[in-house]
Asker: 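Take a look at this one; I'll ask things after.
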Amino acid sequence: MTLARGLGSAGPGPRGDAMSLSSELRAVILGRIEAMVAGGDLPAGLDPAAVTVEPPRDAGHGDMATNAAMVLARPAGLAPRALAEAMARALAADPRIAAAEVAGPGFINLRLRPWVWQGVVGDVLAGGRDWGRSGLGAGRRVNVEFVSANPTGPMHVGHARGAVFGDALARLLAFAGWEVTREYYINDGGAQVDVLARSAYERYREAHGLSPEIAEGLYPGDYLIAVGEALVARFGASLLDRPEAEWLAPVRATATAMMMDQIREDLGRLGVRMDVFFSEKSLYGTGRIEAALARLRDLGLLYEGVLDPPRGKTPEDWEPREQTLFRSTLHGDDVDRPVRKSDGGWTYFAPDIAYHFDKLERGFDLLVDVLGADHGGYVRRLKAVVAALSEGRVALDVKLVQLVRLTRGGQPVKMSKRAGTFVTLREVVDEVGPDVARFVMLTRKNDVALDFDFDRVLEQSKDNPVFYVQYAHARIASLLRKAAEAGMAVTDAALAGADLALLDHESELALARRLAEWPRLVEVAARAHEPHRVAFYLYDLASEFHAHWTRGNEDTRLRFLEGGAIAAAARIALARAVAVVISAGLAILGVTPAEEMR
RNA sequence: GACCCCGUAGCUCAGCAGGAUAGAGCAUCAGAUUCCUAAUCUGAGGGUCGCGCGUUCAAGUCGCGCCGGGGUCGCCA
């Protein structure tokens with residue numbers, strides 16, 4: 001087969017980069033513009049930044065559309081349609097372009113030759129799961145901080161969503177060329193781990209046969225019984241009847257370590273692995289908070305002052321107080337923020353400043369914090385910290401993750417308050433499995449609430465996007481098994497050698513066009529920090545495939561295994577390409593592709 | 001009172017650096033199976049994109065102001 005590698009004419013880059021068709025055509029268009037400038041048909045100095053090339057919403061408008069003439073017409077002092085006509089004539093000379101037509105207010109609609117789409121199939125088979133990797137990140141370093149659940153108990157479903165989102169975002173950014181560090185901030189330095197220690201101490205007493213006194217404010221959860229037993233195993237009776245000052249630190253250390261072990265294990269079951277666990281405690285008594293604040297002071301952003309009371313609803317016990325304040329208002333915050341409590345201790349915000357300072361010192365080019373939506377009020381001040389300490393060089397993107405509403409058969413799942421626990425992450429993963437849990441949690445944008453129905457997510461029907469996408473992949477796997485049984489060579493290398501020009505049916509080309517969207521989708525999703533886009537794309541791709549499959553019922557030409565070995569090889573190559581992209585997409589979501597449905 | 005998020009078909013939600021006649025699933029109705037998995041597919045009906053101004057050649061998308069829902073609001077993390 002002498003099919004030109006349409007998209008891959010430049011070949012996959014050293015890191016497997018495959019330029020998206022859109023950006024390749026955009027380059028062609030910019031080239032034409034330059035040529036027109038050189039030829040005096042356009043004035044120099046035009047800014048092409050706003051020129052886009054994208055598949056039109058309406059397929060009837062062609063394969064690709066560009067707004068180039070419309071955005072350049074005014075600065076060039078030309079009529080949009082006239083400019084579009086001239087550009088269309090120039091573009092029609094490109095070998096990939098079958099037709100360039102002007103439409104509407106000045107769009108140029110491009111129709112591409114079939115071999116471009118057929119070439120995509122070959123490119124996918126050559127690139128494998130790396131096809132669609134982007135150089136967008138250009139090797140820059142991004143830190144994605146997520147989960148960061150307090151080590152005071154088991155993780156619940158809300159944490160699961162943050163974990164899945166953060167992990168998928170990390171995978172997406174890596175696929176888009178970023179060097180990614182996944183990080184978990186352990187809140188082990190504040191009062192809440194002291195509460196954990198006191199709660200665990202009661203369980204320790206209980207393990208010695210004494211009756212525990214779970215006072216108001218302590219954690220009542222049964223999960224601390226095991227911690228009590230572990231404390232006995234480790235310290236025997238040596239901590240009994242001793243003052244808190246003696247046992248607090250060792251009990252706290254044991255309890256938090258055990259909680260973190262559990263958290264790590266739960267994350268592991270979800271398929272989430274962290275690169276760094278950063279201890280808040282490590283910031284105290286080490287001069288690191290002081291260093292970060294000193295930096296702020298050097299920048300003139302720290303001062304002693306008195307805040308105005310919150311307007312509207314003034315707390316009863318509010319009284320003016322001089323505090324150490326961070327002038328966050330200079331970096332977009334509404335009010336300046338205190339870093340020291342009236343008792344002289346640090347506010348929660350102080351270690352956060354030090355923590356983000358530490359991230360900056362580690363040289364990241366971009367920071368992402370994934371937080372629960374209830375932390376929305378902290379976004380401004382965190383951004384202010386990063387803007388101030390990096391002096392505007394590093395951006396912080398805060399992704400807020402909304403809550404998960406658990407239901408079963410449409411009825412809300414009751415939380416077990418008596419045991420002091422919510423529905424845990426582990427319970428969810430044990431019941432539905434990591435793949436289902438992950439996929440479902442990525443079928444919504446991060447900032448909208450998610451309904452998670454235990455019955456629905458396990459349903460094997462098209463109502464369930466997890467199943468629907470998996471089924472498409474499994475159908476293709478089944479196809480390849482059958483082809484292999486029939487003696488066909490079904491390795492990607494063998495399939496890439498098929499005569500792809502035989503894929504000339506509109507239904508086949510439509511599938512290939514959908515595949516061609518993948519590299520661009522990766523970039524769009526990565527740029528927006530929105531992994532859910534991948535899930536929606538996979539659904540669309542699966543839908544296209546299922547539709548194509550069913551067309552084979554009426555049109556036998558479309559059946560993958562019929563029509564002779566040569567034609568079958570081309571069609572199986574197409575199917576395999578679909579499977580490759582599905583599995584690449586699922587890999588970003590952290591979901592294992594299914595080889596068969598059961 | 002201030003700030004953040006949300007408001008798109010009866011329901012649940014997409015809508016990609018603003019782009020052409022706003023999409024999908026569910027639900028409703030009508031169809032497709034001697035044939036690679038019908039666990040699927042095809043078609044129909046269904047919309048003042050919460051409301052109003054503004055910016056733009058072009059606004060669901062950007063800005064401002066309202067309305068409705070949720071969240072947060074100095075010494076808790």
Side-chain angles (χ1 to χ4, degrees), chain A residues 49-50 52 54-58 60-61 65 67 70-71 73-74 80 103-107 109 150 152 187 189-193 195 280 306-315 317-321 323 325 333-335 337-338 340-345 347-349 351-352 372-380 400 402-403 443-445 447-449 451 459-465 467-468 470-472 474-475 478-479 482-483 517 520-521 523-525 527-528 530 532-533 535-537 539-540 543 546-554 556 559-562 568 571-572 575 596-597:
Chain A
T52 61
E54 39 186 31
R57 254 199 305 241
D58 184 345
H61 290 131
N67 63 356
M70 285 182 292
V71 299
R74 172 172 286 208
F107 286 102
N109 291 331
N150 289 343
T152 54
N187 289 108
Q192 82 283 8
V193 284
V195 174
E280 175 195 359
V306 180
L307 283 177
D308 292 332
R311 269 202 290 269
K313 206 178 71 176
T314 305
D317 58 348
W318 202 91
E319 51 187 84
R321 208 168 256 136
Q323 305 171 286
L325 299 167
D333 205 354
D334 305 308
V335 292
R337 304 293 178 176
R340 224 184 243 287
K341 299 190 285 192
S342 54
D343 67 2
T347 62
Y348 168 73
F349 188 40
D352 253 346
D374 54 342
H375 288 66
Y378 292 89
V379 175
R380 285 255 173 99
L400 297 177
Q402 270 287 358
L403 53 89
T443 54
R444 286 289 176 273
K445 206 158 56 179
D447 53 13
V448 303
D451 293 310
E459 198 173 297
Q460 303 218 335
S461 77
K462 62 179 297 191
D463 303 5
N464 181 358
F467 172 79
Y468 189 77
Q470 291 282 31
Y471 181 39
R475 267 185 155 172
S478 161
L479 205 56
K482 281 201 158 59
E517 291 175 17
R520 181 164 182 270
L521 182 114
E523 295 199 343
V524 167
R527 198 158 28 216
E530 291 182 344
H532 76 278
R533 291 177 187 275
F536 281 94
Y537 169 79
Y539 184 88
D540 289 342
S543 179
H546 286 310
H548 177 69
W549 179 289
T550 305
R551 279 185 203 113
N553 288 341
E554 290 169 6
T556 54
R559 293 185 198 167
F560 293 98
L561 298 177
E562 297 182 25
R571 294 177 196 142
I572 291 170
E596 56 183 333
M597 305 309 292

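To find a chain, count down the sequence lines: A is the first, B the second, and so on, and within it residues start at 1.
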Asker: Between C36(B), A39(B), C41(B), spot the one nearest the side chain of L479(A), thanks.
Answerer: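 Ranking C36(B), A39(B), C41(B) by closest atom to the L479(A) side chain puts C36(B) first.
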Asker: Would you say C41(B) has OP1 or OP2 under 4.0 Å from some side-chain N or O of Y468(A)?
Answerer: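 For C41(B), OP1 or OP2 has a side-chain N or O of Y468(A) closer than 4.0 Å.
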Asker: Are the side chain of H546(A) and the backbone of Y468(A) linked by a donor-acceptor contact shorter than 3.5 Å?
Answerer: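 It does hold such a pair.
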Asker: Once you apply a heavy-atom cut-off of 4.0 Å, does P338(A) come out as touching a base, just sugar-phosphate, or nothing?
Answerer: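 If one applies the 4.0 Å heavy-atom cut-off, P338(A) turns out to touch the sugar-phosphate alone, with no base involved.
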Asker: Within the distance-only criterion (no hydrogens, no angle test), does the side chain of R380(A) pair as donor or acceptor with the backbone N or O of V335(A) below 3.5 angstrom?
Answerer: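 Answer holds: no.
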Asker: Rounded at 0.5 Å granularity, tell me how far CG in L479(A) sits from CD1 in I572(A).
Answerer: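 Interatomic distance, L479(A) CG to I572(A) CD1, rounded to 0.5 Å: 5.5 Å.
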Asker: Can you tell me how far apart CZ (R340(A)) and CZ (F349(A)) are? Round to the nearest 0.5 Å.
Answerer: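 Between R340(A) CZ and F349(A) CZ, I get 14.5 Å after rounding to 0.5 Å.
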Asker: Just name whichever nucleotide pairs with G65(B), Watson-Crick or G-U, keeping both distances under 3.5 Å, else none.
Answerer: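 WC or wobble partner is C51(B).
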Asker: Can you see which heavy atom on P105(A) is nearest to which on M70(A), and at what distance?
Answerer: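 It is CG-SD, 3.6 Å.
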Asker: Taking any strand in view, what nucleotide pairs with U34(B) in a Watson-Crick or G-U wobble way, both distances under 3.5 Å?
Answerer: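 Because no pair has both required distances under 3.5 Å, U34(B) counts as unpaired.
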Asker: Both distances under 3.5 Å, Watson-Crick or G-U wobble: report the partner of G60(B), or none.
Answerer: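 Result: none.
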Asker: Could you give the distance separating G46(B) and C4(B) at their P atoms, to the nearest angstrom?
Answerer: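 These two P atoms come out 39 Å apart once rounded.
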Asker: Hunt down the Watson-Crick or G-U wobble partner of G18(B), both distances under 3.5 Å, from any strand shown, or write none.
Answerer: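 Base partner found: none.
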Asker: Determine the interatomic distance between C1' on C75(B) and the same-named atom on G71(B); round to the nearest Å.
Answerer: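 C75(B) and G71(B) have their C1' atoms separated by 22 Å.
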Asker: With a 3.5 Å limit on both atom pairs, tell me what C73(B) is paired to, counting Watson-Crick and G-U wobble, or say none.
Answerer: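 Base partner found: G1(B).
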Asker: Send over the distance from N464(A) CG to U12(B) C1', rounded to a whole Å.
Answerer: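 Going from CG in N464(A) over to C1' in U12(B) covers 14 Å.
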Asker: Side chain of V448(A) only, heavy atoms from C-beta on: which candidate in C6(B), U12(B), A38(B) is closest?
Answerer: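 Taking heavy atoms from C-beta onward, the closest nucleotide is C6(B).
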Asker: Strictly below 4.0 Å: does R57(A) bring a side-chain N or O up to OP1 or OP2 of A20(B)?
Answerer: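 The answer is yes; a side-chain N or O of R57(A) sits under 4.0 Å from OP1 or OP2.
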Asker: Sticking with atom P, work out how far G54(B) lies from C13(B), rounded to a whole angstrom.
Answerer: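 So the two P atoms sit 33 Å from each other.
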Asker: Say you pick atom P in U40(B) and the same atom in A27(B); how far apart are they, in whole Å?
Answerer: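 After rounding to an integer number of Å, I get 11 Å for this pair.
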Asker: Quote, to the nearest angstrom, the P distance that separates A9(B) from U48(B).
Answerer: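 Those two atoms are separated by 8 Å.
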Asker: Any idea which of G19(B), U37(B), U40(B) is nearest the S461(A) side chain?
Answerer: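 For the S461(A) side chain, the nearest candidate turns out to be U40(B).
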Asker: Between the side-chain atoms of N109(A) and the base atoms of A20(B), is any donor-acceptor pair under 3.5 Å?
Answerer: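 Side chain to base: pair present.
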Asker: Take atom C1' in G69(B) and the same atom in G43(B), then report the distance between them in whole Å.
Answerer: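 Looking at atom C1' only, G69(B) and G43(B) are 37 Å apart.
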Asker: What nucleic acid atoms does L561(A) come within less than 4.0 Å of, heavy atoms only: base, sugar-phosphate, or nothing?
Answerer: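 Touches a base.
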Asker: Which nucleotide, C57(B), C3(B), C36(B), lies nearest any side-chain atom of R380(A)?
Answerer: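 The listed nucleotide nearest to R380(A)'s side chain is C3(B).
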Asker: Examine distances only and state if a side-chain atom of E459(A) and a backbone atom of N464(A) form a donor-acceptor pair shorter than 3.5 Å.
Answerer: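 No; zero donor-acceptor contacts below 3.5 Å.
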Asker: Using the closest heavy atom to pick a nucleotide of RNA chain B for each, name whichever of R527(A) or A373(A) lands nearer the 5' end.
Answerer: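 First, find each residue's nearest nucleotide; the 5'-ward one identifies R527(A).
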Asker: Which of these nucleotides, U56(B), A39(B), A20(B), is closest to any side-chain atom of A65(A)?
Answerer: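 Out of U56(B), A39(B), A20(B), the nucleotide with an atom closest to A65(A)'s side chain is A20(B).
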Asker: Can you tell me, in whole Å, how much space there is between the P of C64(B) and that of C6(B)?
Answerer: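 The same atom, P, in both gives a distance of 14 Å.
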Asker: If the P atom of A44(B) is compared with that of C51(B), how far apart are they to the nearest Å?
Answerer: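 Here A44(B) and C51(B) have their P atoms 27 Å from each other.
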Asker: Across all strands, who's sitting opposite G23(B) as a Watson-Crick or G-U wobble pair, both distances under 3.5 Å?
Answerer: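 Paired with C13(B).
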Asker: Measure NE2/H546(A) against C1'/C36(B) and give the value in whole Å, please.
Answerer: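 Distance check: H546(A) NE2 to C36(B) C1' gives 14 Å.
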Asker: Report the distance from atom CG of L403(A) to atom P of G71(B), rounded to the nearest whole Å.
Answerer: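 The answer, rounded to whole Å, is 9 Å.
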Asker: Any strand counts, and the cut-off is 3.5 Å on both contacts for Watson-Crick or G-U wobble. Which nucleotide pairs with A44(B)?
Answerer: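 U28(B) is the nucleotide pairing with A44(B).
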Asker: Could you check E280(A) against V71(A) and say which one's nearest nucleotide on RNA chain B is further toward the 5' end?
Answerer: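 It is V71(A) whose nearest nucleotide is closer to the 5' end.
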Asker: Would you kindly give the CG-to-P distance between D540(A) and G23(B), to the nearest whole Å?
Answerer: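 Rounded to the whole Å, the gap is 13 Å.
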Asker: On the nucleotide G15(B), are OP1 or OP2 found under 4.0 Å from the side-chain N or O atoms that R533(A) carries?
Answerer: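 For G15(B), OP1 or OP2 has a side-chain N or O of R533(A) closer than 4.0 Å.
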Asker: Side chain of F467(A) only, please: which of A38(B), A39(B), G19(B) is the nearest?
Answerer: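 Nucleotide nearest to F467(A)'s side chain: A39(B).
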Asker: Nearest 0.5 angstrom please: T443(A) OG1 to D451(A) CG, how far?
Answerer: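 Here the rounded value is 10.0 Å.
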Asker: Would you indicate, yes or no, if A38(B) has its OP1 or OP2 atom less than 4.0 angstrom from a side-chain nitrogen or oxygen of K462(A)?
Answerer: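 Checking K462(A) against A38(B): no side-chain N or O falls below 4.0 Å of OP1 or OP2.
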Asker: So if I take every side-chain heavy atom of D447(A) and compare against C5(B), A38(B), U42(B), which nucleotide ends up nearest?
Answerer: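 Between C5(B), A38(B), U42(B), the one nearest the side chain of D447(A) would be C5(B).
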Asker: In terms of side-chain heavy atoms of E530(A), which of U42(B), G15(B), C13(B) is nearest?
Answerer: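 Of U42(B), G15(B), C13(B), G15(B) is nearest to the side chain of E530(A).
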Asker: Please state how far atom CG in L400(A) lies from atom C1' in G70(B), giving the value in whole angstrom units.
Answerer: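 In whole Å, G70(B) C1' and L400(A) CG are 13 Å from each other.
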Asker: Has the side chain of N150(A) got a donor or acceptor atom that lies under 3.5 Å from a matching backbone atom of N187(A)?
Answerer: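 Side chain of N150(A) to backbone of N187(A), a donor-acceptor pair under 3.5 Å: no, none is there.
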Asker: Below the 4.0 Å mark, does C5(B) have OP1 or OP2 next to a side-chain nitrogen or oxygen of K445(A)?
Answerer: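 No, no such contact exists.
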Asker: Please give, in whole Å, the distance from U40(B) P to E554(A) CD?
Answerer: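 About 18 Å, once rounded to whole Å.
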Asker: Can you tell me if the side-chain N/O atoms of H532(A) get under 4.0 Å from OP1 or OP2 in G15(B)?
Answerer: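 Looking at the OP1 and OP2 atoms of G15(B), one of them is under 4.0 Å from a side-chain N or O of H532(A).
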Asker: Once you apply a heavy-atom cut-off of 4.0 Å, does N150(A) come out as touching a base, just sugar-phosphate, or nothing?
Answerer: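 Sugar-phosphate: the residue N150(A), judged by heavy atoms under 4.0 Å, touches backbone atoms but no base.
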Asker: Between D463(A) (CG) and A39(B) (P), how many Å, whole number?
Answerer: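 The distance from CG of D463(A) to P of A39(B) comes to 14 Å, rounded to the nearest Å.
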Asker: Under 6.0 Å between ring centres, would you say that holds for H548(A) and F560(A)?
Answerer: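 So the answer is yes for these two rings.
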Asker: Would you mind classifying the nucleic acid contact of D343(A) as base, sugar-phosphate or nothing, using non-hydrogen atoms under 4.0 angstrom?
Answerer: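 If one applies the 4.0 Å heavy-atom cut-off, D343(A) turns out to touch nothing in the nucleic acid.
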Asker: Planes under 30° and centres closer than 5.5 Å, is that true for F536(A) with the base of A14(B)?
Answerer: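 Stack criterion not met.
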Asker: Whole angstroms only, please: what is the CG-P distance between D333(A) and G74(B)?
Answerer: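 Taking atom P of G74(B) as the reference, CG of D333(A) is at 13 Å.
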Asker: May I ask you to say what A449(A) touches in the nucleic acid, namely base, sugar-phosphate or nothing, with a heavy-atom cut-off under 4.0 Å?
Answerer: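 Sugar-phosphate, backbone atoms only, no base.
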Asker: If we call it a pair only when both distances are under 3.5 Å in a Watson-Crick or G-U wobble match, what pairs with A39(B)?
Answerer: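 Its partner: none found.
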Asker: Choosing from U12(B), C4(B), G19(B), which nucleotide comes nearest the side chain of F107(A)?
Answerer: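 Among U12(B), C4(B), G19(B), the one nearest the side chain of F107(A) is G19(B).
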Asker: Can you say whether the rings of Y471(A) and F467(A) are parallel (under 30°), tilted (30 to 60°) or perpendicular (over 60°)?
Answerer: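 Y471(A) and F467(A): parallel rings.
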Asker: For the side chain of E596(A), counting heavy atoms from C-beta on, which of G74(B), U37(B), U21(B) is nearest?
Answerer: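 Selected nucleotide: U37(B).
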Asker: At less than 4.0 Å, is any side-chain N or O atom of S478(A) found next to OP1 or OP2 of C36(B)? Yes or no.
Answerer: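 Negative; the distance criterion is not met.
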